[in-house]
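A short write-up of the structure that comes next.
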Amino acid sequence: MNRAVIVICDSLRTDLITQRDAPFLTALGQRSARFANHSSVFPSTTRTSAASIATGCLPARHGLLGNTMALDEGDGLICLSVGRPDFRDRLHRATGRTLHAPTLAERLDRVGETAIAFSNVSPGAAYFLDPDGFGWVYNAAGSYRPGRRPLPAEEGLAIAKGDAGDTVMTERFCEEVLRHRAPAMALLWLSEPDYTGHHSPLGSPEHRRAITSADTNVRRVAETVAALDPTGAGMLFLVGSDHGMETVAETIDLDALLVEAGLKAAAGSSDVVVAPNGTTALLYFADPAGTLVAEVARFLETQDWVGRSFVGDALAEVGLPTRSAAQIAVTLKTDERANPHDVPGHSYIVRDSLEPKDCTGFGQHGGLGSNEQRPFLFATGGGFAPGVYRGRSSLIDIAPTVLRHLGLDTAGTDGRPLPRHPA
Ligand SMILES: [Zn+2]
């Protein structure tokens with residue numbers, strides 16, 4: 001069977017791939033099919049993106065609606081972090097299922113093939129690549145073999161986020177996964193430059209070093225792929241990111257504003273629950289058909305920090321379900337001002353009471369801002385011709401592209417296999 005190798009450099013914006021900071025990616029882009037009009041999904045968060053890359057579906061179809069989600073576990077809606085190791089089990093207990101669409105790992109398992117994922121981001125983002133355990137998933141919080149059977153600690157991935165952990169993971173991925181285990185699909189998800197971007201200004205020396213770290217790790221994988229398949233006929237190699245970042249301008253405490261406006265009973269009440277997702281928020285309602293939805297929507301129209309809001313049926317315009325408890329999605333105001341390091345793009349963010357730290361001046365994402373919606377995607381091998389592809393593409397096209405390369409059916413995905421020659 002053909003093979004597919006995917007590398008995700010978390011949060012790497014297209015315009016920050018420069019000769020100075022990312023010389024390998026710059027050169028790789030020149031000899032790849034380069035998708036110049038590539039976008040993330042909405043919310044543009046890592047966990048939602050992971051589910052969309054794995055399923056080829058929009059959140060409306062796969063059901064994972066953000067880095068945080070409100071669940072009713074029996075005592076009314078509460079906001080939970082999707083990133084926590086136990087979220088997958090809590091979602092399954094509360095709703096009877098995990099993702100509502102099959103992953104690449106499941107589709108491969110049906111034909112007796114294997115998927116292996118190494119991920120150095122949050123456990124939630126790792127596990128939603130394959131939440132029902134059809135393949136192998138490795139993450140520092142716990143690694144699983146098929147059947148969601150935990151691997152012993154010595155076979156797991158005991159690494160920290162950042163350059164050092166990414167490098168250990170990448171070297172093992174190249175040697176063990178690509179050279180020896182040789183699965184039909186292998187995916188490597190690097191923590192950089194996202195990890196550093198959340199703790200330092202975009203374009204700062206620290207952030208630029210993190211971009212270079214990702215660049216070096218992509219080179220390690222690319223060299224291994226080239227050694228294993230010099231003609232590129234059998235191995236499809238996709239390198240990209242899940243979303244970009246904006247610089248945080250200001251933090252809005254939406255819970256407090258709703259309470260102050262008389263629209264929410266108390267900070268922890270279940271009538272309307274804010275699920276913060278960086279530069280966007282989803283609002284869940286105990287009564288999704290009740291009048292409170294329209295009242296909150298009218299309140300948001302009066303707020304100068306709001307970018308756009310999508311209410312009820314309008315959620316479909318941005319790939320979100322219309323019939324769930326989440327009845328409003330609101331993006332926060334963005335602008336193209338540059339930060340002190342000449343990186344354009346600022347956005348307001350929603351305060352996250354689960355992670356209440358001040359990130360003003362640092363990177364963030366989640367919404368529809370032009371920079372957070374600028375991930376990159378390069379394809380080599382598998383018949384892709386070098387060149388700039390200007391048609392629209394998005395994260396949901398990755399799974400159908402992999403399925404076509406592996407000779408499998410793409411039915412049930414929202415995306416489409418990407419063209420192998422520039423239009
Ligand atoms: Zn991410």
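Heavy-atom basis, side chains included; hydrogens, waters and symmetry copies ignored. All residue numbers in this chain count up from 1 along the given sequence. Note that ligands are numbered from 1 as they come in the structure, with each ligand's atoms numbered from 1 the same way.
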N, O or S of [X] under 2.8 Å from the Zn ion (ligand 1):
X    : answer
H365 : no
D10  : yes
T46  : yes

N-O pairing of R220 and E171 below 4.0 Å
yes
Counting only heavy atoms not in R308, do more than 12 sit closer than 6.0 Å to its CZ atom?
no
Tell me which N, O or S atom from D242 is the closest to the Zn ion (ligand 1).
OD2
With sequence neighbours excluded, what pairs up with F173 under the ring pair (Phe, Tyr, Trp, His ring centres under 6.0 Å) test?
F118
Once side chain to side chain donor-acceptor pair (under 3.5 Å) is applied, what residue pairs with a partner in residues 117-136 remain, sequence neighbours excluded?
R47-S122, R88-D132, T98-D132, N120-D166
